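Notes follow the structure.
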Protein chains: 2
Amino acid sequence: MLRNKTSAKRRSGCPLNASVEMLGDRWSLLIIRDMMLQGFRSYKEFMQCYEGIATNILADRLRKLTEYGIIASEPDPSDGRKLIYFLTAKGIDLAPVLTEMVLWAAAHEDTGNQALVRQMREDKEKLLVGIRQRWAARHSLAT
Amino acid sequence: MLRNKTSAKRRSGCPLNASVEMLGDRWSLLIIRDMMLQGFRSYKEFMQCYEGIATNILADRLRKLTEYGIIASEPDPSDGRKLIYFLTAKGIDLAPVLTEMVLWAAAHEDTGNQALVRQMREDKEKLLVGIRQRWAARHSLAT
DNA sequence: AATTATTACTTGCAATTCGCAAGTGAAATG
DNA sequence: CATTTCACTTGCGAATTGCAAGTAATAATT
């Protein structure tokens with residue numbers, strides 16, 4: 001049925017368990033990254049970007065991330081078909097996690113986007129402040 | 001067949017793709033955490049610790065983490081049946097990623113292990129140095 | 001106003017992956 | 001030498017995923 005079943009299993013252990021439960025799959029972190037850095041906001045943008053993600057899985061991940069309070073959505077006022085997805089404060093707080101993951105991969109694998117990596121290495125804090133500021137500017141109205 | 005199929009798909013994009021490919025599942029990060037913080041080294045220790053992990057999945061994850069160069073193993077000199085698993089330098093470099101994930105979850109969920117969380121918040125750098133030092137001490141011989 | 005297109009999904013089904021129980025082989029223990 | 005321990009593998013039913021084909025609501029076009 002592809003829905004959550006509130007398995008109380010790894011609850012209340014090390015905090016990492018909670019993170020892995022929410023983020024430990026092939027797509028969630030990529031969705032969050034692209035909302036944070038690419039400004040993705042709609043189902044269609046995600047769908048076009050990731051070759052390979054199944055439509056039902058994208059819908060399921062967006063639903064779960066919403067349940068976890070990492071993202072939220074509202075109807076697009078200028079187009080009633082669209083939903084606009086955005087990161088919540090909890091979601092934007094994942095910026096340091098993503099940063100460390102990017103730096104780790106860049107240090108140990110051949111990867112692209114050297115510009116971003118260089119920026120992260122040179123001034124991690126400044127980048128994080130920038131991400132937060134851009135987010136806050138967009139969400140000065142919504143919660 | 002439960003083995004890798006070198007899908008060259010998300011290769012060479014953002015470095016995060018590489019991280020998610022290696023770590024984006026329900027168990028890998030937990031295995032790494034427990035090697036890093038709990039000193040786990042054998043199949044049996046992992047098996048006993050995680051209720052819910054299937055034996056074949058544990059074997060598969062250990063194999064993949066080895067292929068990725070995040071962990072390595074060697075026969076136990078004092079018991080020929082055992083393999084000793086240990087983190088490589090690449091593996092120990094995941095410490096900042098784990099730290100940020102723990103801090104994020106602790107900030108946004110009810111989680112346990114407050115002692116660790118407090119230590120991380122109070123002096124992240126010192127903790128990371130400590131983890132590295134303990135690791136280096138154990139691996140002064142092996143690569 | 002009626003037709004077509006777009007958007008965000010759901011549904012159905014085959015294929016893959018996972019969880020669990022039961023092996024297996026090699027080495028240690030008694 | 002029999003038994004136990006350890007690190008797995010195998011088999012199988014169940015859950016999850018990928019893909020193709022809908023669907024319902026709104027928007028754009030004719």
Side-chain angles (χ1 to χ4, degrees), chain A residues 1-10 17 20-31 34-35 39-68 71-86, chain B residues 1-10 17 20-31 34-35 40-67 71-86:
Chain A
M1 251 193 187
L2 210 57
R3 306 212 89 240
N4 295 47
K5 53 182 86 153
T6 55
S7 72
K9 256 187 222 170
R10 285 190 299 284
N17 293 352
V20 170
E21 203 170 312
M22 290 184 273
L23 307 171
D25 73 280
R26 206 141 279 97
W27 300 107
S28 297
L29 282 169
L30 301 182
I31 291 170
D34 291 328
M35 294 179 80
F40 285 9
R41 334 183 96 222
S42 69
Y43 189 92
K44 194 190 168 193
E45 282 173 305
F46 295 119
M47 207 58 225
Q48 288 175 339
C49 176
Y50 315 126
E51 302 178 48
I53 193 171
T55 58
N56 52 350
I57 298 304
L58 175 56
D60 186 65
R61 289 307 109 90
L62 290 172
R63 189 188 305 132
K64 281 181 180 166
L65 289 173
T66 303
E67 281 172 17
Y68 292 137
I71 66 176
S73 61
E74 58 186 16
D76 185 335
S78 74
D79 185 340
R81 294 169 302 182
K82 288 189 182 174
L83 271 183
I84 295 179
Y85 291 97
F86 53 90
Chain B
M1 257 205 176
L2 211 58
R3 306 211 88 239
N4 296 48
K5 52 182 85 158
T6 55
S7 72
K9 256 188 224 172
R10 283 190 299 284
N17 293 352
V20 170
E21 202 170 313
M22 291 185 272
L23 307 171
D25 73 280
R26 215 153 315 301
W27 299 109
S28 297
L29 282 169
L30 301 182
I31 291 171
D34 291 328
M35 293 180 81
F40 285 9
R41 333 184 95 222
S42 69
Y43 189 92
K44 195 188 168 193
E45 282 173 304
F46 294 119
M47 207 59 225
Q48 288 173 339
C49 175
Y50 315 126
E51 303 178 46
I53 194 170
T55 58
N56 52 350
I57 298 304
L58 176 56
D60 185 64
R61 289 306 110 91
L62 291 171
R63 189 186 305 131
K64 282 182 181 168
L65 289 173
T66 302
E67 281 172 18
I71 67 175
S73 61
E74 58 187 17
D76 185 336
S78 74
D79 185 340
R81 293 169 303 181
K82 288 189 181 175
L83 272 183
I84 294 179
Y85 291 97
F86 52 91

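Note: hydrogens, waters and symmetry copies are ignored here, and every other heavy atom, side chains too, is used. Note that this is a predicted model, so its numbers are computed, not measured. Letters A, B, ... are given to chains in the order of the sequence lines, protein chains preceding strands, and every chain is numbered from 1.
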Query raised in the report: Taking the nucleotide of DNA chain D with the closest heavy atom to each, which residue, K82(B) or G80(A), is nearer the 5' end?
Result: K82(B)
Query raised in the report: dG19(C) phosphate, OP1 or OP2: any side-chain N/O from R26(B) under 4.0 angstrom?
Result: no
Requested in this report: Kindly say if R41(A) contacts the phosphate of dT7(C), meaning a side-chain N or O under 4.0 Å from OP1 or OP2.
Outcome: no
Query raised in the report: OP1, OP2 of dT10(C) versus side-chain N and O of Y43(A): anything below 4.0 Å?
Result: no
Query raised in the report: If you find the nucleotide of DNA chain D closest to A54(A) and the one closest to R81(A), which residue's nucleotide is nearer the 5' end?
Result: A54(A)
**Report entry** Side-chain heavy-atom pair L65(A), S28(A) within 4.5 angstrom cut-off
**Finding:** yes
**Report entry** Separation of dC18(C) C1' from K64(B) NZ (nearest whole Å)
**Finding:** 11 Å
Report task. Could you state the atom-to-atom distance from CG of L62(B) to P of dA7(D) in whole Å? Result -> 10 Å
Requested in this report: For residues C49(A) and D34(A), report the shortest heavy-atom separation together with the two atoms involved.
Outcome: SG-OD2, 4.1 Å
Report task. For dC8(D), take OP1 and OP2 only and decide whether either is under 4.0 Å from a side-chain N or O of R61(B). Result -> no
Report task. Measure the distance from CD on Q48(A) to C1' on dA8(C) and round it to the nearest whole Å. Result -> 13 Å
Query - Between CG on residue L62(B) and CD on residue E67(B), distance to nearest 0.5 Å - result: 11.5 Å
**Report entry** Nearest-Å distance for atom pair CD1/C1', residues I84(B) and dC6(D)
**Finding:** 13 Å
Query raised in the report: Is I71(A) close to F86(A) at the side-chain level, that is, under 4.5 Å between some pair of heavy atoms?
Result: no
Report task. Give one of base, sugar-phosphate or nothing for F46(A), where a contact means two heavy atoms less than 4.0 Å apart. Result -> nothing
Query raised in the report: Roughly how many Å is it from CD1 in I53(A) to P in dG18(D), rounded to a whole number?
Result: 8 Å
Query - Whole-Å gap separating P (dA21(C)) and CE (M47(B)) - result: 10 Å
Query raised in the report: Taking atom C1' of dT16(C) as reference, at what distance in whole Å does atom CD1 of I57(A) sit?
Result: 12 Å
Report task. May I ask you to test the F46(A)-R61(A) pair for a side-chain heavy-atom distance under 4.5 Å? Result -> no
Requested in this report: Return the value, rounded to whole Å, for the distance between atom CG of N56(A) and atom P of dA14(C).
Outcome: 15 Å
Requested in this report: Indicate, yes or no, whether a donor-acceptor pair under 3.5 Å links the base of dT7(C) to the side chain of S42(A).
Outcome: no
